[in-house]
Protein chains: 2
Amino acid sequence: MSETRARQTYHHGDLGPALLAAGIELAREGGPDAVVLRETTRRVGVSPNAAYRHFADRDALLAAVSDAALATLATAIDALFDAIPQGTRESVARAQLRAVGTGYVAFALDEPGLFRTAFFVSDNLERSSAASKSGPSGRSPLELLTVALDAYVASGIMPADRRPKAEFLAWSSVHGFALLCIDGPLRTLPRDQADAVTQRVIDMVEAGFTAP
Amino acid sequence: MSETRARQTYHHGDLGPALLAAGIELAREGGPDAVVLRETTRRVGVSPNAAYRHFADRDALLAAVSDAALATLATAIDALFDAIPQGTRESVARAQLRAVGTGYVAFALDEPGLFRTAFFVSDNLERSSAASKSGPSGRSPLELLTVALDAYVASGIMPADRRPKAEFLAWSSVHGFALLCIDGPLRTLPRDQADAVTQRVIDMVEAGFTAP
DNA sequence: TCCACATGTGAACACTGTAAACACTGCCAT
DNA sequence: ATGGCAGTGTTTACAGTGTTCACATGTGGA
């Protein structure tokens with residue numbers, strides 16, 4: 001928004017971040033496919049090739065946008081973590097897991113374009129601990145989930161032998177549900193109902209972790 | 001494969017299905033992005049615009065490929081259904097749910113390109129009962145899941161008040177897990193381990209349906 | 001001061017989807 | 001048999017994309 005008018009200097013001065021911001025806006029509006037290199041530079045008021053001084057490819061730009069989207073998600077979950085009231089270790093652990101799931105789906109519903117972009121780049125969860133994907137606490141979404149599950153074990157809710165790969169069980173359910181809500185058959189589900197079913201999804205995950 | 005050599009007649013004679021087959025092959029090799037209209041016609045040995053006599057646009061071709069992929073998935077699950085041994089209503093119901101989940105993830109692992117294409121077209125699960133998406137039994141994957149869950153209620157495993165929207169809980173978990181395995185951090189997990197975790201995902205879903 | 005280096009530009013290429021006008025062919029009614 | 005007509009495939013063309021190469025323009029450090 002600060003660069004809509006034609007700039008006066010030949011050099012932009014802050015092109016990298018400006019391109020990233022424009023890319024994020026495009027992703028917000030239309031998902032990963034919408035982050036088109038030429039359109040990004042157009043919005044910033046610069047020639048298409050200028051982008052290549054700051055990003056190797058279109059894919060590199062998209063990856064940076066994806067990281068930013070992931071960081072936004074992490075920030076949203078961080079906020080829910082901070083709002084968890086004091087209590088027993090068990091109640092805190094349960095609240096943390098619920099916060100991750102709830103924040104995750106809420107982000108997908110509030111920002112579907114960013115959400116799809118966050119998980120479009122395939123290796124984005126592999127090296128998922130990069131700072132560029134983290135919120136204020138310095139933790140990526142997957143790391144926040146790990147925190148919650150470790151608390152599950154520490155507080156005795158979950159037997160230790162179930163802990164390995166548990167994050168993937170939880171992540172699968174919530175991620176799949178989020179996709180169903182924004183792209184799939186649950187697309188037309190009213191928001192309040194979607195929130196209610198989200199809680200059932202989390203209930204299911206909890207049951208899977210605690211049942212015999 | 002039958003049309004690799006230049007055809008002799010001006011008219012192809014079977015272009016629609018040939019284009020669909022070429023599109024499926026492209027999807028198998030590289031997912032939805034790889035089904036490129038011009039490349040599809042090229043493989044069939046025909047000019048790009050010939051496709052427009054059979055498909056409204058590239059999206060229509062992609063939708064047809066997507067339907068075919070879904071039908072292939074349904075066929076795979078059908079086969080697992082048929083292999084379920086006789087038994088109590090409860091054991092059959094449990095085996096059916098497990099067959100849907102197992103077949104679903106196995107298809108994603110065996111044919112990641114087709115799997116991604118199947119669920120790329122967004123409205124593909126909305127009007128999900130179309131015959132073009134079904135296997136030999138005439139049921140689409142989502143309908144097969146519905147059958148299994150109805151059997152859960154009928155055999156008394158699942159309380160009837162939990163039945164509404166239960167297919168979405170199950171679908172979320174399995175679909176999310178499949179995505180994790182082909183695109184996400186579980187991409188490098190050896191096949192046998194992936195199969196093992198798949199069973200844990202299904203265990204979790206079962207627990208969520210039966211627990212208090 | 002001046003010049004090396006970083007940064008932005010221009011023209012060009014190969015690709016894509018798609019539209020409009022044209023060409024060929026097989027079939028049906030005369 | 002013989003038109004002609006509807007269906008099918010082709011040609012040409014255009015707008016849009018990512019990307020490369022050569023060039024222009026500033027800016028900071030010696």
Side-chain angles (χ1 to χ4, degrees), chain A residues 2-27 29-66 113 116-117 120-122, chain B residues 2-27 29-66 113 116-117 120-122:
Chain A
S2 59
E3 284 300 329
T4 302
R5 63 195 179 286
R7 68 187 188 285
Q8 305 299 351
T9 65
Y10 185 90
H11 282 337
H12 180 284
D14 200 35
L15 188 49
L19 287 172
L20 180 57
I24 292 173
E25 193 51 36
L26 286 170
E29 295 166 10
D33 287 348
V35 34
V36 168
L37 195 145
R38 286 178 111 108
E39 173 64 18
T40 308
T41 59
R42 215 173 284 137
R43 291 201 174 192
V44 177
V46 109
S47 84
N49 294 6
Y52 287 88
R53 302 294 179 189
H54 302 269
F55 299 95
D57 290 284
R58 185 216 171 221
D59 275 355
L61 170 61
L62 189 57
V65 173
S66 173
R116 283 205 300 268
T117 307
F120 187 77
V121 180
S122 52
Chain B
S2 60
E3 284 301 329
T4 303
R5 64 195 177 286
R7 72 186 185 287
Q8 303 301 348
T9 66
Y10 184 89
H11 282 340
H12 181 283
D14 201 35
L15 187 50
L19 288 172
L20 179 57
I24 291 173
E25 194 50 36
L26 286 170
E29 295 166 10
D33 287 349
V35 36
V36 169
L37 196 145
R38 285 178 109 109
E39 174 62 19
T40 307
T41 60
R42 214 174 286 137
R43 292 200 173 193
V44 178
V46 109
S47 83
N49 289 17
Y52 287 89
R53 301 292 181 192
H54 302 269
F55 299 95
D57 40 12
R58 185 217 168 220
D59 276 355
L61 170 61
L62 189 57
V65 173
S66 172
R116 283 205 300 268
T117 307
F120 187 77
V121 179
S122 54

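Predicted model, so just to flag it, every value in this text is computed and none were measured. Just so it is clear: chains get the letters A, B, ... in the order the sequence lines come, proteins before strands, and each one is counted from 1.
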Rounded to the nearest Å, what distance is computed from the CZ atom of residue B/R42 to the C1' atom of nucleotide D/dG9? 17 Å
Report the residues that fulfil side-chain contact (heavy atoms from CB on, under 4.5 Å) with A/D33, sequence neighbours left out, ordered by chain and then residue number. none
A/D33 has an atom CG; how far is it from atom C1' of C/dG17, in whole Å? 14 Å
What's the CG-P distance between A/L15 and D/dG26, to the nearest Å? 16 Å
Is the closest side-chain heavy-atom distance between A/V46 and A/L15 below 4.5 Å? yes
For a quick test of your reading: what N or O donor-acceptor pairs under 3.5 Å do the side chains of residues 50-60 of chain A make, sequence neighbours left out?
residue : atom : partner : partner atom : Å
A/R58   : NE   : A/V35   : O            : 3.1
A/R58   : NH2  : A/P32   : O            : 3.2
A/R58   : NH2  : A/V35   : O            : 3.2

Whole angstrom value for the distance that separates P of D/dT8 from CZ of B/F55: 13 Å
Contact class for B/G13 (heavy atom, under 4.0 Å): base, sugar-phosphate, or nothing? sugar-phosphate
Closest non-hydrogen atom pair between B/G31 and B/R116, with its separation: CA-NH2, 4.4 Å
Can you list everything that forms a salt bridge (Lys or Arg N to Asp or Glu O under 4.0 Å) with A/R42? Sequence neighbours excluded, please. A/E39
Side-chain N or O of B/H54 less than 4.0 angstrom from OP1 or OP2 on D/dG9? yes
Output one letter per nucleotide in nucleotides 19-25 of chain D: B when a protein non-hydrogen atom lies under 4.0 Å from the base, S when only the sugar-phosphate is that close, - when neither is. BBBB-BB
Check B/E29 with B/R43, please: is the shortest side-chain N to carboxylate O separation under 4.0 Å? yes
